[in-house]
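Notes to accompany the following structure.
Just so it is clear, the structure is predicted and the values come from calculations on it, not from any experiment.
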Amino acid sequence: MSVRVRIAPSPTGDPHVGTAYIGLINYCFAKRNGGAFVLRIEDTDQTRCTPESAQAIFDSMKWLGLRYDEGPDVGGPHGPYVQSERVKLGIYRTYADRLVEQGDAYYCFCTPAELEAMKARQRAANQPIMYDRRHRGIELSEAKARAAAGEPYVIRMKAPLEGEFVYKDRLRKQAVAKPWKDIDDQVLLKSDGWPTYHLAAVVDDHLMGITHVIRAEEWLNSLPKHIWLNEHLGFTPPEYVHVGLLRNADKSKISKRKNPTSLLWYRRQGFLPEALLNFLALLGHSFPDGREKFTLAELQAVFELDRINVAGPVFDLQKLRHLQGQYFRELEPEKMLSEVHRAVDARFSALLPLFKERMTFGGDFIWQAEPFYADSVSPHAEDLVPKGLDRQHARLLLEQVQLTLKNYAALEQAVWDAPHLDGVVRTLIEERSAIVEGDSPEKQALAKLWQPKTLFMVLRVALTGKRESPPLFDTIAQLGSGKTIERLGVAQQKLR
RNA sequence: GCUCCCAUCGUCUAGAGGCCUAGGACACCAGAUUUUCAUUCUGGCGACACGAGUUCGAAUCUCGUUGGGAGUACCA
């Protein structure tokens with residue numbers, strides 16, 4: 001039987017780098033074995049899934065060059081490849097009903113509040129947290145009557161109460177063994193009539209002829225349920241293989257907060273798909289000859305599923321950058337030119353209006369806009385200190401403004417545009433000016449410091465490294481909060 | 001709490017009982033090339049978590065400890 005594998009991402013939010021990682025492994029495994037690679041969209045959570053998100057997954061996979069043989073937008077003999085469409089076909093309901101008729105699943109009428117209370121009690125008693133199976137014994141006829149009367153219900157699997165579940169994952173040293181009594185009566189069909197992941201995935205993997213389910217380790221715990229479902233539905237289970245989870249630097253599961261996880265971000269940032277793929281491949285797989293730079297074609301030629309490392313690798317952006325540099329410098333001149341154009345164009349239209357009245361030649365844009373493209377600027381210390389004032393004054397000013405903007409940026413409803421920033425800074429000026437009323441020399445110096453024309457120049461130099469720039473608040477707005485705050489800090493260092 | 005998984009330099013990894021005084025890559029440090037920077041090249045720093053056991057011999061096998069991670073949803 002020929003190999004068929006799949007990735008089954010859920011279209012919530014941005015396409016995830018973990019999807020690319022698992023996708024790459026599945027893709028290589030399929031290609032290496034002359035099999036098929038399928039993309040299926042798992043959108044059974046009506047509250048979280050969006051079509052835009054699904055589209056972004058298609059686009060990202062294609063961008064990376066992970067071409068799927070079957071999928072929502074390319075079709076195939078096992079469609080539809082979107083679960084919400086399959087729900088409408090009644091596919092999952094049929095299988096859920098079959099389990100109920102067989103006595104392998106049952107109606108449960110617990111309310112969310114009831115379930116919550118159950119959990120709280122178990123937590124308090126240091127008991128394992130799981131459904132207490134209170135509706136397990138309900139008569140089917142009674143259950144059906146209540147359901148027919150409109151009472152909300154879910155369908156739960158009737159997990160075995162004794163015996164042991166054993167499964168050997170080819171990548172793990174020892175077989176997974178777990179007593180059945182520790183396995184929850186998982187909900188299979190939700191009260192909205194839609195299937196949970198567990199039911200939908202098992203049914204679809206079967207219907208789509210999937211032979212190997214290669215997925216992340218986070219699924220290992222639900223493996224018994226999936227095997228059980230296969231068996232009780234009369235399917236031959238695919239082989240399940242669990243690979244390690246991508247990690248943050250602190251070893252926790254990779255997350256948005258601690259790492260860029262959106263594939264869209266990498267693309268926008270200018271990462272080359274070849275570099276990203278190469279990097280991802282290095283996390284967990286290795287070439288027998290130790291080669292670290294290779295194409296997708298080279299990888300799929302030697303790929304060995306059994307060489308995959310299951311310990312979750314830390315996602316090291318620095319190494320990705322290094323690879324990216326290698327690939328970038330090798331680019332054909334035309335390709336490199338278009339990458340540079342892309343990078344410039346990304347900000348060009350937003351920036352151009354700021355320079356319109358300042359330019360004499362088109363080329364003036366190059367040096368005038370430089371601070372907006374650069375990673376950092378290097379203001380001269382002497383330019384940061386206004387005439388008649390000293391370094392401490394300038395530093396104090398930078399510190400106060402930095403703090404104010406930092407606090408503002410942290411606000412949830414903060415709008416980072418020129419009018420708002422103008423307001424924020426002018427409020428600060430008013431506060432400061434009020435405090436320094438008086439006629440001692442020091443008070444006069446401070447009064448001068450907090451005059452807009454003095455202070456604007458200090459900020460301008462700190463932010464752009466130049467004494468001339470577009471209007472200050474347009475500059476701050478374009479720079480964005482991150483660079484603004486960073487550059488205000490760097491300027492303070494210069495004054496030490 | 002309960003259940004499960006994992007464990008070689010800071011990070012990604014090679015290593016499937018003697019080839020290991022543990023190899024490579026990123027990062028870091030030093031030097032060379034470069035007017036500068038980057039690239040490139042050379043060198044350096046740096047790890048088998050710990051403890052028992054099996055064995056003539058253990059990074060490699062077993063057990064325990066410790067550490068880390070995941071799951072514990074009518075999310076996937």
Any side-chain donor near an acceptor of the partner, Y68(A) and D73(A), under 3.5 Å: yes
Under 3.5 Å on both distances, the Watson-Crick or G-U partner of rC2(B): rG71(B)
Sugar-phosphate, base or nothing in reach of K119(A), heavy atoms under 4.0 Å: sugar-phosphate
Residue E139(A) excluded, over 12 heavy atoms near CD under 6.0 Å: no
Y327(A) OH - rA25(B) C1' separation (whole Å): 14 Å
Full working for side-chain hydrogen bond (donor to acceptor under 3.5 Å, both in side chains) between Y92(A) and D204(A): CA-CA 9 Å; Y92(A) 310 110; D204(A) 284 347; 2.6 Å; yes
Salt bridge (charged side-chain N to carboxylate O under 4.0 Å, His left out) between R6(A) and E70(A), worked out: CA-CA 9 Å; R6(A) 77 328 100 131; E70(A) 298 168 31; over 6 Å; no
Closest contact, heavy atoms only, I214(A) versus N26(A): O-ND2, 3.0 Å
Intermediate values then yes/no, ring pair (Phe, Tyr, Trp, His ring centres under 6.0 Å), F271(A) and F279(A): CA-CA 11 Å; F271(A) 281 95; F279(A) 170 68; 9.1 Å; no
Sugar-phosphate, base or nothing in reach of R291(A), heavy atoms under 4.0 Å: nothing
Whole-angstrom distance between rG68(B) and rC12(B), as gauged at atom P: 16 Å
rG69(B) versus rA27(B) - spacing of their P atoms, nearest Å: 27 Å
Partner nucleotide of rC45(B) by Watson-Crick or wobble geometry (both distances under 3.5 Å): none
Distance, rounded to the nearest Å, where W194(A) contributes CH2 and rC74(B) contributes P: 18 Å
Separation between the C1' atoms of rC19(B) and rU60(B), rounded to whole Å: 14 Å
Sequence-distant partners of F328(A), ring pair (Phe, Tyr, Trp, His ring centres under 6.0 Å), two or more places apart: none
Residue-level proximity of residues 157-169 of chain A to RNA chain B when a heavy atom falls under 4.0 Å: none
Strand partner of rC20(B), provided both Watson-Crick or wobble distances fall under 3.5 Å: none
Sidechain-backbone polar pair: R267(A) side chain, S262(A) backbone, donor-acceptor under 3.5 Å: no
Watson-Crick or G-U wobble mate for rA7(B), both contacts under 3.5 Å: rU66(B)
Spacing of the P atoms in rA25(B) and rG43(B) (rounded, Å): 10 Å
Ring pair (Phe, Tyr, Trp, His ring centres under 6.0 Å) partners of residues 152-174 of chain A, not counting sequence neighbours, each pair once: Y107(A)-Y153(A), F165(A)-W180(A)
Letter per nucleotide, 5' to 3', of nucleotides 38-45 of chain B [B base touched, S only sugar-phosphate touched, - untouched; heavy atoms, 4.0 Å]: -SS-----
Sugar-phosphate only, base, or nothing, as touched by W219(A) at under 4.0 Å among non-hydrogen atoms: base
Partner of L263(A) by side-chain contact (heavy atoms from CB on, under 4.5 Å), out of V17(A), D59(A), I57(A): V17(A)
Whole-angstrom distance between rA59(B) and rA47(B), as gauged at atom C1': 10 Å
Side-chain H-bond candidate by donor/acceptor type, R307(A) with S286(A), under 3.5 Å: yes
Parallel, tilted or perpendicular: ring planes of W219(A) versus H226(A), cut at 30 and 60 degrees: tilted
Rounded distance in Å between the C1' positions of rC48(B) and rA22(B): 8 Å
Sugar-phosphate only, base, or nothing, as touched by R247(A) at under 4.0 Å among non-hydrogen atoms: sugar-phosphate
Parallel, tilted or perpendicular, as decided by the 30° and 60° cut-offs, for the rings of Y131(A) and H135(A): parallel
Euclidean distance, atom NE2 of residue H226(A) to atom P of rA76(B) [Å, nearest integer]: 11 Å
Under 3.5 Å, which N/O atoms of the protein pair with N/O atoms of nucleotides 29-34 of chain B?
none

Rounded P spacing from rA58(B) to rU21(B) in Å: 12 Å
Spacing of K225(A) atom NZ relative to rG71(B) atom P, expressed in whole Å: 12 Å
Touch class at under 4.0 angstrom, heavy-atom based, for S222(A) against every strand present: nothing
Rounded interatomic separation in angstrom, taking CG from D306(A) and C1' from rA16(B): 12 Å
Between rC26(B) (P) and L317(A) (CG): distance, integer Å: 16 Å
Donor-acceptor pair between Q186(A) and D184(A) side chains, under 3.5 angstrom: no
Contact letters for nucleotides 1-13 of chain B, in which S counts primed atoms plus P, OP1 and OP2 and B counts the base, heavy atoms under 4.0 Å: BSBSSSS---SBS
Touch class at under 4.0 angstrom, heavy-atom based, for T44(A) against every strand present: sugar-phosphate
L189(A) CG - rC74(B) P separation (whole Å): 13 Å
Atom-pair distance (CD1 on I7(A); C1' on rA76(B)), nearest Å: 14 Å
Polar side-chain atom of N278(A) near backbone of E292(A) as donor-acceptor pair, under 3.5 Å: yes
Touch class at under 4.0 angstrom, heavy-atom based, for C110(A) against every strand present: base
Polar contact flag, side-chain donor to acceptor under 3.5 angstrom, S53(A)-D14(A): no
Span that lies between the P atom of rC63(B) and that of rA7(B), in whole angstrom: 13 Å
